[in-house]
*Asks:* 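Structure below; questions to follow.
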Amino acid sequence: MAAVVTYLVIFTVISSALAYDPDMLQDLCVANTSAGIKVNGFTCKAETNITEADFFFDGLAKPGKVNNSVGSLVTGGNVEKIPGLNTLGVSLSRIDYSPDGLNPPHTHPRATEMIFVLEGELDVGFITTANKLISKAVKKGEIFVFPRGLVHFQKNNGDKAASVISAFNSQLPGTQSIAMTLFTSTPAVPDNVLTKAFQVGTKEIEKIKTKLAPKKS
């Protein structure tokens with residue numbers, strides 16, 4: 001019995017250690033995004049080529065222009081925009097919402113998310129694996145947390161624009177929008193899978209796909 005307990009403790013510790021971005025092994029590992037080498041993260045830029053610009057980004061300072069059917073815009077401040085974040089295990093995003101705008105149900109497979117409301121009031125929530133909705137209305141200055149991997153959403157419930165800053169415990173948390181993942185993937189999810197899952201006909205599935213399809217420029 002003692003051996004089983006010891007095994008479980010060791011397994012828990014190892015699992016926790018591997019659950020998020022790996023720990024850094026040096027002071028800096030500024031991402032060399034042009035190296036063309038794929039690793040768990042990015043390879044390091046030569047220290048002689050590192051500058052302050054690798055640690056700076058002003059893209060979250062101003063509201064983004066929302067111009068889509070759902071009424072929200074996410075601006076990422078992750079390792080792809082800030083190379084100095086490589087191996088540091090953190091990132092930010094800014095989300096702007098038009099009146100009645102929605103950040104549709106989605107997940108972040110590699111990170112927990114914490115939002116801080118800059119302006120406005122939002123209805124936010126996540127759904128547990130027991131299919132329980134945990135939701136709340138949050139306003140300026142308040143914080144809400146979405147656990148890693150769980151489906152969640154934010155909706156502007158006011159008649160004015162709203163915005164939040166999102167913090168993640170990953171340099172690149174990843175995002176999977178539920179609707180876009182199911183209805184616009186390449187190759188496409190077979191219609192007979194979608195009709196069976198949603199208990200609707202092929203016409204309804206095709207109608208949804210048409211609405212979600214990227215607009216041709």
*Asks:* Would you indicate whether the side-chain heavy atoms of Thr33 and Glu80 approach each other to under 4.5 Å?
*Replies:* no

*Asks:* To check you understand the geometry: which heavy-atom pair defines the closest contact between Lys81 and Pro83, and what is its length?
*Replies:* O-CD, 3.6 Å

*Asks:* State plainly whether the residues Lys136 and Asp123 are in salt-bridge range, i.e. N to O under 4.0 Å.
*Replies:* no

*Asks:* Between Arg110 and Leu172, is there a donor-acceptor pair closer than 3.5 Å when you use the side chain of the first and the backbone of the second?
*Replies:* yes

*Asks:* Nearest heavy-atom pair of Leu194 and Lys209: which atoms, and what distance?
*Replies:* CD1-CE, 3.9 Å

*Asks:* What pairs of residues pass the ring-ring contact (aromatic ring centres under 6.0 Å, His included) test when at least one of them lies in residues 29-71, not counting sequence neighbours?
*Replies:* none

*Asks:* Are Val145 and Phe126 packed together at the side-chain level, in the sense that at least one heavy-atom pair is separated by less than 4.5 angstrom?
*Replies:* no

*Asks:* Between CG of Asp191 and CD1 of Ile205, what distance do you get to the nearest 0.5 Å?
*Replies:* 6.5 Å

*Asks:* Give, for atom OG of Ser72 and atom CD of Gln154, the distance between the pair rounded to the nearest 0.5 Å.
*Replies:* 8.0 Å

*Asks:* Are the side chains of Glu47 and Leu28 in contact, using a 4.5 Å heavy-atom criterion?
*Replies:* no

*Asks:* Are Phe144 and Leu122 close enough that some pair of their side-chain heavy atoms sits under 4.5 Å apart?
*Replies:* no

*Asks:* Distance-only, no hydrogens or angles: does the Thr184 side chain make a donor-acceptor pair with backbone N or O of Ala213 under 3.5 Å?
*Replies:* no

*Asks:* Should the heavy atoms of other residues, nucleotides or ligands under 6.0 Å from CD of Glu204 be counted, would the total exceed 12?
*Replies:* yes

*Asks:* Would Glu113 and Asn169 satisfy side-chain contact (heavy atoms from CB on, under 4.5 Å), going step by step from the backbone distance to the final call?
*Replies:* CA-CA 7 Å; Glu113 177 181 9; Asn169 59 337; over 6 Å; no

*Asks:* Between Gly120 and Ala162, what is the shortest heavy-atom contact and its length?
*Replies:* CA-CB, 3.9 Å

*Asks:* Would you indicate whether the side-chain heavy atoms of His108 and His152 approach each other to under 4.5 Å?
*Replies:* yes

*Asks:* Taking only residues two or more places apart in sequence, or in another chain, which ones meet Phe153 in a ring pair (Phe, Tyr, Trp, His ring centres under 6.0 Å)?
*Replies:* none

*Asks:* Is there a side-chain contact between Asn86 and Thr43, using heavy atoms and a 4.5 Å cut-off?
*Replies:* no

*Asks:* Under a 4.5 Å side-chain heavy-atom rule over Ile, Leu, Val, Met, Phe, Trp and Tyr, are Leu60 and Ile95 clustered together?
*Replies:* no

*Asks:* Enumerate the residue pairs fulfilling salt bridge (charged side-chain N to carboxylate O under 4.0 Å, His left out) with a member in residues 50-64, sequence neighbours excluded, ordered by first and then second residue.
*Replies:* Lys45-Asp54

*Asks:* Using the ring-ring contact (aromatic ring centres under 6.0 Å, His included) rule, collect all pairs that involve residues 67-97, keeping only residues at least two apart or in two chains.
*Replies:* none

*Asks:* Supply the members, apart from Leu73, of the Ile/Leu/Val/Met/Phe/Trp/Tyr cluster built from side-chain contacts under 4.5 Å; use none for a lone residue.
*Replies:* Val66

*Asks:* Are Val70 and Val151 connected, step by step, through hydrophobic side chains (Ile, Leu, Val, Met, Phe, Trp, Tyr) whose heavy atoms are closer than 4.5 Å?
*Replies:* no

*Asks:* Can any side-chain N or O of Gln171 pair as donor or acceptor with the backbone N or O of Thr87 at less than 3.5 Å?
*Replies:* yes

*Asks:* Can you see whether Asn32 engages Ser34 through a side-chain donor-acceptor pair at a distance of less than 3.5 angstrom?
*Replies:* yes

*Asks:* In Å and rounded to the nearest 0.5 Å, what is the OG to CG distance from Ser163 to Leu118?
*Replies:* 4.0 Å

*Asks:* If you measure from CD1 on Ile165 to CD1 on Ile143, what distance do you get to the nearest 0.5 Å?
*Replies:* 12.0 Å

*Asks:* Under a 3.5 Å distance rule, please check whether Asn156 uses its side chain to pair with a backbone N or O of Lys160 as donor and acceptor.
*Replies:* yes

*Asks:* Nearest 0.5 Å, what's the CD1-OG1 distance between Ile127 and Thr107?
*Replies:* 11.5 Å

*Asks:* Kindly give the heavy-atom pair with the smallest separation between Ser91 and Asn78, and that separation in Å.
*Replies:* CB-CA, 3.8 Å

*Asks:* Which value, rounded to the nearest 0.5 Å, describes the distance between His106 atom NE2 and Thr175 atom OG1?
*Replies:* 6.0 Å

*Asks:* Quick check: does any side chain N or O of Thr112 sit under 3.5 Å from a backbone N or O of Arg148, one acting as donor and the other as acceptor?
*Replies:* yes

*Asks:* Run the side-chain hydrogen bond (donor to acceptor under 3.5 Å, both in side chains) test against Glu142 and tell me which residues pass, sequence neighbours left out.
*Replies:* Lys139

*Asks:* Would you check if the side chain of Asp96 reaches a backbone N or O of Gly64 as a donor-acceptor pair within less than 3.5 Å?
*Replies:* yes

*Asks:* Measure from the side-chain N and O atoms of Ser98 to the backbone N and O of Gly71, and report whether any donor-acceptor pair falls under 3.5 Å.
*Replies:* yes

*Asks:* Give the minimum heavy-atom separation between Leu102 and Pro104, together with the two atoms involved.
*Replies:* O-CD, 3.3 Å

*Asks:* Kindly give the heavy-atom pair with the smallest separation between Gly174 and Pro109, and that separation in Å.
*Replies:* O-CD, 3.5 Å

